[in-house]
Protein chains: 2
Amino acid sequence: MQELQRVADGRAPFLPDYPPWNRLTAPSVSDLLDAATMISLTRGDDAGAGLGIVISGALAVERELSDGRRILCALFHEGDLVDLRRTERARQGDLIALKESEFLALDESRAEICTSEHADVARAFIVQLGDHLARMRDHATDLAFKTPFESLASVLFEFRRWPGADSGNPGGSTVRIPIPRGDVADYIGVKPETVSRAIRRLERERLIGIPEQDQVFLADIPSMRRLANGGRPRQSTRRS
Amino acid sequence: MQELQRVADGRAPFLPDYPPWNRLTAPSVSDLLDAATMISLTRGDDAGAGLGIVISGALAVERELSDGRRILCALFHEGDLVDLRRTERARQGDLIALKESEFLALDESRAEICTSEHADVARAFIVQLGDHLARMRDHATDLAFKTPFESLASVLFEFRRWPGADSGNPGGSTVRIPIPRGDVADYIGVKPETVSRAIRRLERERLIGIPEQDQVFLADIPSMRRLANGGRPRQSTRRS
DNA sequence: CGACTTCTTGAGGAACGTCAACCGCAGTGG
DNA sequence: CCACTGCGGTTGACGTTCCTCAAGAAGTCG
């Protein structure tokens, strides 16, 4: 029994301590964990499963285009339910780890039984899927924005909502960028060079500061919010 | 009672005759319809509800950016479950009709009770949400593609999957474009002029034909598939 | 220390957005 | 019956932007 082993490890709280997972009743948790297998991943690893819960780290749905371009069309963080079951298309993409991660893979058929037998599990799934849809709509909006500055500003706010992103700063004006620049670029649909240039320009304009490589200080949150919502600062509209 | 009235209208099959809706048991359907209100919409109307099922027509989540740009970040067609409940962001956008549509709005709290009491309804919701997530991932990939030709090819295949899109052509090589050009443009993140130019170029290259304004004949489906999957035909790579 | 990856910076060109005008059509009212 | 109006779609010229290609800087791991 995998979960018993885990409990013996002293890592008893198998499911994330976030809603909706910490709202489940004990029998539901038990049944869900019966269908679960913990997988440890390092950067680049394929999770090899289409259903599960991210325990730590960062995963993404990666798609390699026929001409070599790479796209990360969805990001998943700690506590996220990953559901790639509805796969009518041929190229659904692979679920890969962007860093050291732990993934609680769920057996599809047993998980399905679990959702039909436990209303709270079904509810948790619906809540999670609805959450992800909202994020995907935001992301689609970012991509349609087209200007890297807006996409970047928006994705910074997205990262700010990641669990643990605001650890150590109460006001939340420091954001950790949890994945490398190249992955950010693949996520917002631009090239790494463009991400670099965009960051440097935001820095020049005093909207953000980069104390460390993977940290961003939001110096002017209202302006950044405006930017993320479409107040596009094209060349002509630099200061205004 | 709204549904009794409808039944009296002779329009008894209230839910779409597609999976997963036609798989529900009678009591589930009855409970679900108790929470439902049918709304008739014309182009531009706001549905005014964040949860429901599209009975006919086409709806979209529209977002107006602060500088006037307009983005359709999700499309919904006949039989789709629309769930905008997870709205942590301020600007979630509006659910609007792109054409004459009928929308079966569901009361949120009563629908929630319904999903918790009927496992098959919960399952239908999960299936639908998972389906939409897959579509959103595809869409995000399209948008990240960046070249309008690829996005357009991809969106044509998306339209081909719409119910009724292949009515009258067995092979499915004719696709109906169910929404105006401008909406297509807002959906794939480009300008109407670019959509027009992309269509004309695909036509010039004999990949598609445009018998009517709202119809596309896929003359070379394999090539279009390649295009949609990222075999990008930039200026230099015209024939190869 | 050296090979590697990640990030950055620069110069040049292709591509899409912008602006403007035009076409065809439907609805409207004189 | 026909001019007027508005809307959706198309076409063209032009400019900004971002991708491409290339090289260098900085940090990491062997």
Side-chain angles (χ1 to χ4, degrees), chain A residues 42-44 58 65 67-72 98-100 142-152 177-204 208 210-216 227 230 232-238, chain B residues 42-44 58 65 67-72 98-100 142-152 177-204 208 210-216 227 230 232-238:
Chain A
T42 62
R43 177 169 172 80
L65 268 47
D67 61 355
R69 280 173 295 173
R70 173 175 176 262
I71 287 163
L72 302 179
L98 299 179
K99 60 198 315 190
E100 305 292 318
D142 292 347
L143 291 171
F145 274 7
K146 302 296 275 198
T147 93
F149 302 94
E150 296 159 345
S151 302
L152 185 62
I177 303 183
I179 57 178
R181 296 277 196 283
D183 290 342
V184 174
D186 290 337
Y187 184 55
I188 63 178
V190 298
K191 294 290 156 185
E193 298 95 316
T194 307
V195 170
S196 178
R197 279 185 254 264
I199 288 179
R200 242 187 57 79
R201 184 172 142 195
L202 292 176
E203 200 179 5
R204 258 205 324 265
I208 63 173
I210 309 289
E212 305 208 19
Q213 190 71 270
D214 65 342
Q215 284 196 343
V216 175
L227 231 183
R232 82 182 120 174
R234 302 204 89 118
Q235 181 172 300
S236 43
T237 324
R238 254 227 270 177
Chain B
T42 62
R43 178 169 173 81
L65 268 46
D67 61 354
R69 281 172 295 173
R70 174 175 176 262
I71 289 164
L72 302 179
L98 299 179
K99 59 197 318 190
E100 305 290 317
D142 291 348
L143 291 171
F145 274 6
K146 303 295 277 196
T147 93
F149 303 94
E150 297 160 344
S151 303
L152 185 62
I177 302 182
I179 57 179
R181 297 277 195 282
D183 289 342
V184 174
D186 290 337
Y187 184 54
I188 64 178
V190 297
K191 293 291 155 186
E193 296 95 318
T194 307
V195 170
S196 178
R197 279 185 253 262
I199 289 179
R200 241 187 56 81
R201 185 171 141 195
L202 291 176
E203 200 179 7
R204 257 203 327 263
I208 62 173
I210 309 288
E212 304 209 19
Q213 190 70 271
D214 65 342
Q215 285 198 342
V216 175
L227 231 182
R232 85 183 115 174
R234 295 193 104 110
Q235 182 169 301
S236 43
T237 325
R238 251 220 280 172

Inset, instruction - Would you tell me if any nitrogen or oxygen in the side chain of A/K191 comes within less than 4.0 Å of OP1 or OP2 on D/dC18? - result: no

Return the value, rounded to whole Å, for the distance between atom [atom1] of [X] and atom [atom2] of [N].
X: B/R201; N: D/dG9; atom1: CZ; atom2: C1'; answer: 20 Å
X: B/D214; N: C/dC25; atom1: CG; atom2: P; answer: 15 Å
X: B/L152; N: C/dC16; atom1: CG; atom2: P; answer: 12 Å
X: B/K99; N: D/dC7; atom1: NZ; atom2: P; answer: 20 Å
X: A/D67; N: D/dT20; atom1: CG; atom2: C1'; answer: 13 Å
X: A/R69; N: D/dT20; atom1: CZ; atom2: C1'; answer: 13 Å
X: B/E212; N: D/dG9; atom1: CD; atom2: C1'; answer: 15 Å

Inset, instruction - Tell me, with the steps shown, if A/V216 and A/L202 meet side chain to side chain contact (heavy atoms under 4.5 Å, CB included). - result: CA-CA 11 Å; A/V216 175; A/L202 292 176; over 6 Å; no

Working to the nearest 0.5 angstrom, can you tell me the gap between [X] [atom1] and [Y] [atom2]?
X: B/R201; Y: B/I208; atom1: CZ; atom2: CD1; answer: 11.5 Å
X: B/E150; Y: A/D67; atom1: CD; atom2: CG; answer: 6.5 Å
X: B/D142; Y: B/T147; atom1: CG; atom2: OG1; answer: 10.0 Å

Legend entry - B/S/- contact track for nucleotides 4-10 of chain C, protein heavy atom under 4.0 Å: --SSSBB

So do [Y] and [X] actually touch side chain to side chain, heavy atoms under 4.5 Å?
X: A/R204; Y: A/R200; answer: yes
X: B/Q215; Y: B/I210; answer: no
X: A/R43; Y: A/P180; answer: yes

Legend entry - Five-pair end axes of the helix from C/dC1-D/dG30 to C/dG30-D/dC1, angle between them (10°): 30°

Under 3.5 Å donor-acceptor pairs involving side-chain atoms of residues 185-195 of chain B, not counting sequence neighbours:
unit_1	atom_1	unit_2	atom_2	d
B/D186	OD2	B/R70	NH1	2.4
B/Y187	OH	B/E158	OE1	3.4
B/Y187	OH	B/E158	OE2	3.0

Legend entry - Residues B/D183 and B/K99 bridged, charged N to O under 4.0 Å: no

